[in-house]
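One structure below.
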Amino acid sequence: NKNFLDHYLDVPVDLSKALFVCTANNLDTIPAPLLDRMEIIELSGYVAQEKQAIAKTYLIPQAHRDSGTTEDNVVITDGVVERINSAYCRESGVRNLKKQIEQIIRKAAFRIVRDKESPVEVTEDNLRQFLGVERYLKDREYESTPPGVAMGLA
């Protein structure tokens, strides 16, 4: 690593004190010789409260900027982000949450242009109009398991 030659600049570079940082969602695609030389640090995803805070602080304002709307034109209530987390995207990151928020704001912007409807209020009751049928149902069929029903057996 000390005698690395950059062929583009034709300059020798000392990489003995360089630190390379790589990110990956899946370690299976990294070649084994390279994986042996790497220090793996696994980071867990976000909890629901963190995802809601990220959505309110970053994702919703960014979606407003990208679509040309404002928070006055498209009002997203607090329960909507929680409902999106539980019914439309359950991954540990915020990638799908961002996509869902962008879809809501794009559809709301279309309504503003088409119907001259402003402000558009997105609530838990009308969320289905923006995102369609819920992708994930509640985890448990019963609140309390009745006699004769076994949960989790195959």
Side-chain angles (χ1 to χ4, degrees), residues 1 4 6-9 11 13-143 151-152:
N1 289 342
F4 178 78
D6 185 339
H7 294 292
Y8 183 74
L9 298 175
V11 176
V13 179
D14 180 14
L15 296 179
S16 63
K17 297 186 181 182
L19 173 68
F20 296 95
V21 178
C22 305
T23 61
N25 291 332
N26 187 354
L27 295 178
D28 297 336
T29 58
I30 300 173
L34 179 60
L35 194 60
D36 287 343
R37 291 176 173 81
M38 295 171 64
E39 182 69 33
I40 308 298
I41 302 172
E42 293 188 23
L43 302 174
S44 63
Y46 301 108
V47 296
Q49 293 83 3
E50 291 172 328
K51 287 172 70 173
Q52 287 174 321
I54 291 169
K56 289 178 187 176
T57 308
Y58 300 106
L59 301 180
I60 293 174
Q62 180 183 358
H64 280 301
R65 282 191 303 275
D66 293 345
S67 67
T69 60
T70 64
E71 292 182 10
D72 298 330
N73 293 10
V74 181
V75 179
I76 298 177
T77 60
D78 292 336
V80 169
V81 177
E82 183 179 337
R83 188 77 183 150
I84 294 170
N85 272 333
S86 65
Y88 292 95
C89 54
R90 284 192 180 170
E91 86 282 356
S92 59
V94 294
R95 213 175 273 164
N96 284 334
L97 178 61
K98 179 182 178 186
K99 289 179 186 177
Q100 301 299 329
I101 289 171
E102 289 172 345
Q103 181 178 349
I104 289 171
I105 294 190
R106 279 194 312 270
K107 287 187 177 185
F110 180 72
R111 282 187 184 184
I112 292 170
V113 171
R114 183 188 64 195
D115 302 334
K116 307 290 188 233
E117 177 186 342
S118 183
V120 174
E121 186 173 357
V122 183
T123 63
E124 291 179 67
D125 297 330
N126 68 359
L127 184 59
R128 185 176 248 183
Q129 296 172 7
F130 293 92
L131 295 180
V133 179
E134 295 178 352
R135 292 180 179 87
Y136 302 102
L137 302 175
K138 57 184 175 179
D139 291 334
R140 298 184 60 93
E141 183 66 30
Y142 305 104
E143 293 299 321
M151 302 295 267

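- Contact detail for Lys51 and Ser92: the closest heavy-atom pair is CD-O, 4.3 Å.
- More than 12 heavy atoms of other residues, nucleotides or ligands lie within 6.0 Å of CD in Gln62, so this atom counts as buried by the packing criterion.
- Rounded to the nearest 0.5 angstrom, Gln52 CD and Asn85 CG are separated by 6.0 Å.
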**side-chain contact (heavy atoms from CB on, under 4.5 Å) between Ile105 and Ile76, intermediate numbers included** = CA-CA 9 Å; Ile105 294 190; Ile76 298 177; 4.1 Å; yes
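- Side-chain atoms of Leu127 and Val122, non-hydrogen and from C-beta on, do get closer than 4.5 Å to each other.
- Side-chain contact between Ile84 and Asn96 is absent, with no heavy-atom pair separated by less than 4.5 Å.
- Residue Ile40 holds its CD1 atom at 9.0 Å from SG of Cys22, rounded to the nearest 0.5 Å.
- The minimum heavy-atom distance linking Arg135 with Gln100 is given by the pair NH1-NE2, 3.5 Å.
- From Ile104, atom CD1 reaches atom OG of Ser67 across 12.0 Å, with rounding to the nearest 0.5 Å.
- In this model, no donor atom of one side chain and acceptor atom of the other lie less than 3.5 Å apart for Asp72 and Thr70.
- You'll find the side chain of Glu71 reaches within 4.5 Å of the side chain of Pro61, heavy atoms only.
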**Request:** Under the side-chain contact (heavy atoms from CB on, under 4.5 Å) rule, what do Lys98 and Glu102 come out as? Steps first, then yes or no, please.
**Result:** CA-CA 6 Å; Lys98 179 182 178 186; Glu102 289 172 345; 3.0 Å; yes
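- Listed for the Lys107 side chain is a donor-acceptor partner under 3.5 Å among the backbone atoms of Phe130.
- A side-chain contact (heavy atoms from CB on, under 4.5 Å) with Ile54 holds for exactly one of Leu97, Leu59, Ile60; it is Leu59.
- Counting only distance, with no hydrogens or angles, the side chain of Asp6 and the backbone of Val13 share no donor-acceptor pair below 3.5 Å.
- The 12-atom threshold is exceeded at CZ of Arg114, counting heavy atoms of other residues, nucleotides or ligands nearer than 6.0 Å.
- To the nearest 0.5 Å, atoms CD (Gln49) and CD (Glu82) are separated by 8.5 Å.
- Rounded to the nearest 0.5 Å, atoms CZ (Arg83) and OG1 (Thr123) are 11.5 Å apart.
- Relative to the six-membered ring of Phe20, Arg37 misses at least one condition, a distance below 6.0 Å or an angle of at most 45° to the axis.
- Nearest heavy-atom pair, Asp28 versus Asn26, reported as atom, atom and distance to 0.1 Å: N-OD1, 3.0 Å.
- The CZ atom of Arg111 lies 12.5 Å from the OG atom of Ser118; values are rounded to the nearest 0.5 Å.
- A side-chain donor from one of His64 and Thr69 sits under 3.5 Å from a side-chain acceptor of the other.
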**Request:** Step by step, work out the side-chain contact (heavy atoms from CB on, under 4.5 Å) result for Val74 and Ile112.
**Result:** CA-CA 9 Å; Val74 181; Ile112 292 170; 4.0 Å; yes
**Full working for salt bridge (Lys or Arg N to Asp or Glu O under 4.0 Å) between Arg106 and Asp66** = CA-CA 9 Å; Arg106 279 194 312 270; Asp66 293 345; over 6 Å; no
